[in-house]
Amino acid sequence: MDVNEVPLLEVRDLKVHFVIKKRIGGVKGVVRAVDGVSLKIRKGDVIALVGESGCGKTTLGKAIAGLVKPTEGTILWKGRDVWKMYREDPKGFFEYKLRVQYMPQDPYSAFNPSKTVFEILCTPLLKWKRVTSRAECIDYVLKILSDIKVTPPEEYIFRYPHQLSGGERQRILFALITSVEPDVVVADEPITAVDVALRVDLMNLMLEYWERRRVAYVFISHELASARYITEKTGGKIGVMYLGKFVEFGPPRAVIENPLHPYTQALVDAAPELDLEIARKKRLRLREVDIPSATNPPKGCRFHTRCPYAMDICTEKEPPLIEVENGRYVRCWLYAKR
Ligand SMILES: Nc1ncnc2c1ncn2[C@@H]1O[C@H](COP(=O)(O)OP(=O)(O)OP(=O)(O)O)[C@@H](O)[C@H]1O
Ligand SMILES: [Mg+2]
């Protein structure tokens, strides 16, 4: 891969802050949902975002797909600032929104309950001009359904969302997102709502599609097992987020078998089923404090209030995200030059 080539998508020092207003006027606080994230996505890249609830995964995913406007920082699509395009080149912005698709976290809210599978799948095909008539759409939708193994397709095409199983609904959602042949799919916790037995099936469907089209995935997950599954099979990377920032980023094997950041170590420890070797290792305990909020993140290193290794500097100065090995980054004073 030519590293000098312009990435499909680039996120530069992105911040998304939400202003929380008081009921009677005035500002109650600012939620720093995403607070300084940089990222490059090239064709076929797979990046798994992991971290606990509220760390900003969905907000970052939505910002990548142009669904949330950044407070600061830039998002570039093939080198062009997308929010500048929004103002000055609506066609360019339309193309970017078509090529970067967001698969929502809640599959139940994703469908209009009064629309059939046919109508659900046909609407974007017409909107994005993949087909020109409803008649043409029927053949297209039948093919999509057999591709995702929702068979026999004739039986499913006129069903309503409530007549589908959770797994079928998620497959159809994936088909809906991919029907416009995007270059980047942001899949927000795609397996969380799926029965455990069907999770691997859904990830395999995503992997088959990746094999065929070399789509790039931003795969959001709050646990490491699925992040590992999808990134190991695609040469992808895992990005661990804590209060709106990456604390560690790198290849799955390195991040999971040799986590550097104390927060990643705690995440790995919380998932002993990942690997029996890891389960046998001594458990790392986080200091018992309330989880800090994104409205008022701790000064210095955001993790210091829970970190078992916190030093003086950690309470004062934020550590930089440094590259410790090729493609492996960590944000922690244990590894950075002071
Ligand atoms: N529209 C909004 N207005 C105000 N605050 C918001 C908004 N959307 C998200 N937040 C806040 O931003 C922070 C990050 O939320 P986000 O949904 O991105 O987290 P997440 O990592 O996806 O969490 P989860 O694992 O629960 O899905 C949270 O504190 C959340 O309450
Ligand atoms: Mg989320």
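Remember, it's 1-based here, ligands and their atoms both numbered in the order they're listed. All values derive from a computational prediction rather than experimental measurement.
- Proximity annotation for atom 13 (C) of ligand 1: of G54, A294, G56, G54 comes nearest, heavy atoms only.
- Judged by a 6.0 Å distance limit and a 45° cone about the ring axis, R212 is not positioned over the six-membered ring of W210.
- Listed by number with element, the atoms of ligand 1 under 4.0 Å from a non-hydrogen atom of T58 are 17 (O), 18 (O), 20 (P), 22 (O), 27 (O).
- Under the 3.5 Å distance criterion, the side-chain polar atoms of K57 are matched with a main-chain donor or acceptor of G51.
- Closer than 4.0 Å to atom 31 (O) of ligand 1 lies none of the heavy atoms of the protein.
- Between the side chain of E223 and the backbone N or O of S226 there is at least one donor-acceptor pair closer than 3.5 Å.
- Relative to the six-membered ring of Y229, K233 meets both conditions, a distance below 6.0 Å and an angle of at most 45° to the axis.
- The closest protein non-hydrogen atom to atom 24 (P) of ligand 1 is S53 OG, 3.6 Å.
- Counting only heavy atoms, the protein gets under 4.0 Å from atom 2 (C) of ligand 1.
- Side-chain polar atoms of D81 and T74 form no donor-acceptor pair below 3.5 angstrom.
- Among the atoms of V31, none of the N or O lies under 3.5 angstrom from an N or O of ligand 1.
- Those atoms of ligand 1 that come under 4.0 Å of a heavy atom in E189, given as number and element, are 25 (O).
- Close approach to I20 involves these atoms of ligand 1, each under 4.0 Å from a residue heavy atom: 4 (C).
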